[in-house]
Amino acid sequence: MLLTTKFLRPASDPRAVKRERLSSLLAPSAPKRLNLVIAPAGFGKTTLVSQWCSRSTGPIAWLSLDEQDNEPHRFWHYVAAAFEHAGLTGLETCHKNLSDNADDNLNGAITALINALASDGGPWILVLDDFHFIASNKIQQQIGYFVDYLPPGVTVTLASRTEPPLPLGRWRVSRWIQEIHPALLAFSQDESRDFFHQTMGLDISEQDVEAIFSRTEGWVAAMQLSALSGSNSTLLNGEHASADRNKPSLSIDERHISDYVLSEVLDKQPDEIVAFLLDTANCPRLCASLCNAIRNTDDGQEKLETLLSQNLFLVPLDNHNEWFRYHDLFRDALQQRIRYTDFARSQLLWQRTIEWLLEHGQVQEAIAQIVRRKDWSWLAEVLAAHGNNLIHGGYHLPVLAWLDALPADQVAENAQLQMLRIWSRFFANRLEQLEPLLCSLEDLLDRLVADSAPDAEGALGLQSEISLIRSYLARSRSDEKSASDLTRQVLADIDHTRIPLKSVTYYGLGLDDYGKGDLKGAEESLKSAVHYGQIERKPSTVLSSGGLLAWIQYNRGDMDLALDTCTEIQRWVGLHYADPSQPRLISCWLNATLTEIYRERNQPQDAVFHLAPLLDHVAQGTEPGQHVIIQHVRGHLAFSEGRYQDAIEFLEDAEQLGRKRREQIVFEPPASAALLARCFLAAGQTIQARRSLDSLNSNPATNPLHREQNSISLARLMVAEGKPEKALKVLETVIPEAERNDHVRHLVEALLVYGEALALANQDQRSQEQFERAVALAAEAGFVRLFAEESPHLRNLLLDLPGLKARGNWQRSVKSLLKTHKEVNRTDSDQASLADPLSQRELEVLELINAGHSNKDIAERMSVAPATVKAHIRNIYGKLDVGRRTEALARARELGIFTQ
């Protein structure tokens, strides 16, 4: 007797979330023979397959399996009966073979079933739900035989909590399998929203949807249990999450979820698996070494791979099956069980986990566990030992939070913890709060020394750290002498203390030398800062020092060396700080330098790639110095791309913030006003360019690099105003200074503008000489983009230059850029009749269209995507009020934008 209810496919709920993205994967297609839907309990495997079946047009044989079906005869009796129940005929031979064979050799019966399917010729679907109940090796072998010889058009779908031991590798090679794993099956946030609103009929807020989705990671059973538990005024952490108080707020029902995990998952596992799960429940992440250490065993990797194959809520964190974590709600349920059944062992395993994390450099995770245990004495001990390196590794805000978690009196009487608080606030740019804290710490150190406290000797070493902090505060006040004196005193004393801060000290010296324009001195200090930062394992200092070093190398004209420096620094940080669970460390100096290098090399896509993470810092709010650098580089890239209005917006922001927050910036900000003036000149706004440069009179630059940039921009303005003699006078001071300081980039720019001024003064021979010298220097340094950023008149003068007629790659690149940017007989009034003038980038596109280039050619020449070119063309058509290329060209000639 067979239970016919096992052949009934679960009814598809019309309110259920429609999962089109997955249903399409299950659809029959050649050469596929098998759908494999594998996920833990409660991930919606049966619902998905049932949904898909309800939309399928072919005949479907459905079989819901249970523990009793793990026997070959019974299994194949049910499979044959499922087909028969769905309408397949000609199964008499199959039934007879099943009845006549007493042993497990059922190949005859299976062959008869295959023949019946072949004779029918229909597009049959066989669904075997809950296939994880089938553990028999014999049945697995027989399923392998069955799938190997299936006739065309027949598809088997297995829904299982575990991956079956079938010849999946061979079938994957033959493209016979479509696999849907837990990551695919988990609900997306949109699907979660639909689930609550449509399926469960709950009008909960978007905040609740986001919070529950984040906590459950798309595990639909957990969401359903929460929905069924009803409305609640708390969410996850006990705080109301709904912004709309007219909507019910839903909470994660952890008690019901825990009961579900324990009954549906844990209680059905072998004892050794249960023991492993409970023993490792306190681990925030798992690897074989950690599991072996806390359990005193050597089977950690084997157990982890078993859990992975059994889909027991284990989430891989890499591609090497080395690091894993449990689903958070699954881990919570395990922790509840072990705390209830064996509290003492739970605490012992937790302590071993923390000790292992500390020994293996996972300090922040160890501290998180200590905080969770509220072991404040241990937390203070760990922060005293590791806090300095955490702060200099980019974890200053977490350290502040951990210090705030400690009892106030514990911090007040601990000089080292007070120093950590000061460093954390310094790195968080809370400079205005530091002076009272420094005075309080100095008072405590005086008391410790006077009382001959046990740690008085160590406390004396903190005096150097105080001096170092005060040196950076002096820089923020532009008190260079005090900053330099304090820093050099720290450097003289530092070898007699136990503080590992040589890297930060040398970085301070590098900033001082950079501010004075002593680039060679700055380079030496910054190289020392990188060296000691690597020894002290301070990645943020290595990144900042290496980034500023590369910035100097770039501005000096050594682009290749600057790129090598950036690459080496990134390699070291990636090698030593590549924890996938932590945010990637970003250096403003280093990414800004890479943006500038690739912008100058005319590789805008690479420039945008390195700029992108810096923009996140601007959006989220970063310290003033970084904000100014990022906006300056962002504005320069927009200027190079001809987006003058965007560039003006970014550079005005950088220039204004640099002036307003000067006391909070420990270096002289870049010369944004000089670059801003260039943008106004390029946009034909001479008066605004003059105002921008006039603003510098009240606050002249002290850094020679910035002085040179300001002077060169002033000379450009004078040339644009028709005053070449004044421009020559300014540049005759700049050029020797740039030569003396080895500022190659500025020297090239100054020589180009000098040559243009000479040409306007009708000194053509001298003009040619300056151009040739500029080209020779630029070719050696690899500068490309700067030629295209000069005035149209200067670009035209350069096109016929003998030095650019050589056949080298660099010369071809420069000439191509100059030709792309060439503007013929265009004046500021060319577009006066247009309500919305064409941008520089749109003018470039229009000129390339006029030259007969296709969209693809234009994209390649401008180093942009074809879609970007199409967008520019749509804008051009709209501004010119035309509908096609020929009309656009005619309208452009009519406006005098170009004459050919």
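Positions are given from 1, in the same order as the sequence printed here.
- Between Tyr598 and His610, the ring planes are parallel. Angles under 30° get that label, and only those over 60° would be called perpendicular.
- Judged by the 6.0 Å and 45° rule, Arg745 forms a cation-pi pair with Phe783.
- Of the possible donor and acceptor atoms, one in the side chain of Tyr472 sits under 3.5 Å from a partner among the backbone N and O of Gly508.
- Using modelled atom types, no side-chain atom of Ser816 and backbone atom of Arg812 make a donor-acceptor pair closer than 3.5 Å.
- Remark: Leu731 CG to Glu756 CD distance equals 10.5 Å, nearest 0.5 Å.
- With a 4.5 Å cut-off on side-chain heavy atoms, Leu752 and Val748 count as touching.
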Legend entry - CA sep, side-chain torsions, deciding dist, call: Arg634, Gln631, side-chain hydrogen bond (donor to acceptor under 3.5 Å, both in side chains): CA-CA 5 Å; Arg634 187 183 188 186; Gln631 291 294 76; 3.1 Å; yes
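- A perpendicular orientation is assigned to the rings of Phe426 and Trp423, their planes being inclined by more than 60° (bins at 30° and 60°).
- One finds the CD1 atom of Ile552 at 12.0 Å from the CG atom of Asp558 (value rounded to the nearest 0.5 Å).
- Within the 3.5 Å criterion, the main-chain N or O of Leu543 finds a donor-acceptor partner in the side chain of Ser587.
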Inset, instruction - Would you check, one step at a time, whether the test side-chain contact (heavy atoms from CB on, under 4.5 Å) holds for Leu519 with Asp742? - result: CA-CA 9 Å; Leu519 299 193; Asp742 198 23; over 6 Å; no
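- Relative ring orientation between His746 and His743 is described as perpendicular, the plane-to-plane angle rising above 60° on a 0-90° scale split at 30° and 60°.
- Counting only distance, with no hydrogens or angles, the side chain of Arg795 and the backbone of Ala788 share a donor-acceptor pair below 3.5 Å.
- Taking a 6.0 Å sphere around CD of Glu780, one finds it holds 12 or fewer heavy atoms contributed by other residues, nucleotides or ligands.
- Counting heavy atoms from C-beta on, the side chains of Pro802 and Gln768 come closer than 4.5 Å.
- One N or O on the side chain of Asn741 and one on the backbone of Glu737 form a donor-acceptor pair closer than 3.5 Å.
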Legend entry - Intermediate values then yes/no, side-chain hydrogen bond (donor to acceptor under 3.5 Å, both in side chains), Asn703 and Glu668: CA-CA 7 Å; Asn703 186 314; Glu668 185 174 271; 4.9 Å; no
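- The backbone N or O of Arg785 sits less than 3.5 Å from a side-chain atom of Glu600, completing a donor-acceptor pair.
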Inset, instruction - Begin with the C-alpha distance, continue with both residues' side-chain angles, and end with the deciding distance and a verdict on side-chain hydrogen bond (donor to acceptor under 3.5 Å, both in side chains) for Gln553 and Thr565. - result: CA-CA 9 Å; Gln553 290 166 341; Thr565 297; 2.8 Å; yes
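- In this structure a side-chain-to-backbone donor-acceptor pair under 3.5 Å is present from Ser695 to Ser692.
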Inset, instruction - Show the numbers, then the answer: is there a side-chain contact (heavy atoms from CB on, under 4.5 Å) between Glu789 and Arg599? - result: CA-CA 11 Å; Glu789 293 173 0; Arg599 180 200 56 76; 2.7 Å; yes
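- A donor-acceptor contact shorter than 3.5 Å links the side chain of His706 to the backbone of Pro669.
- Residues Glu790 and Arg716 are in side-chain contact: their nearest non-hydrogen atoms beyond the backbone lie under 4.5 Å apart.
- A donor-acceptor pair is defined here as one N or O able to donate and one able to accept, closer than 3.5 Å; such a pair exists between the side chain of Ser471 and the backbone of Leu468.
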Legend entry - side-chain contact (heavy atoms from CB on, under 4.5 Å) between Leu758 and Glu769, worked out: CA-CA 10 Å; Leu758 288 170; Glu769 291 171 357; over 6 Å; no
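- When atom types are taken as modelled, the side chain of Lys815 and the backbone of Leu804 share a donor-acceptor pair closer than 3.5 angstrom.
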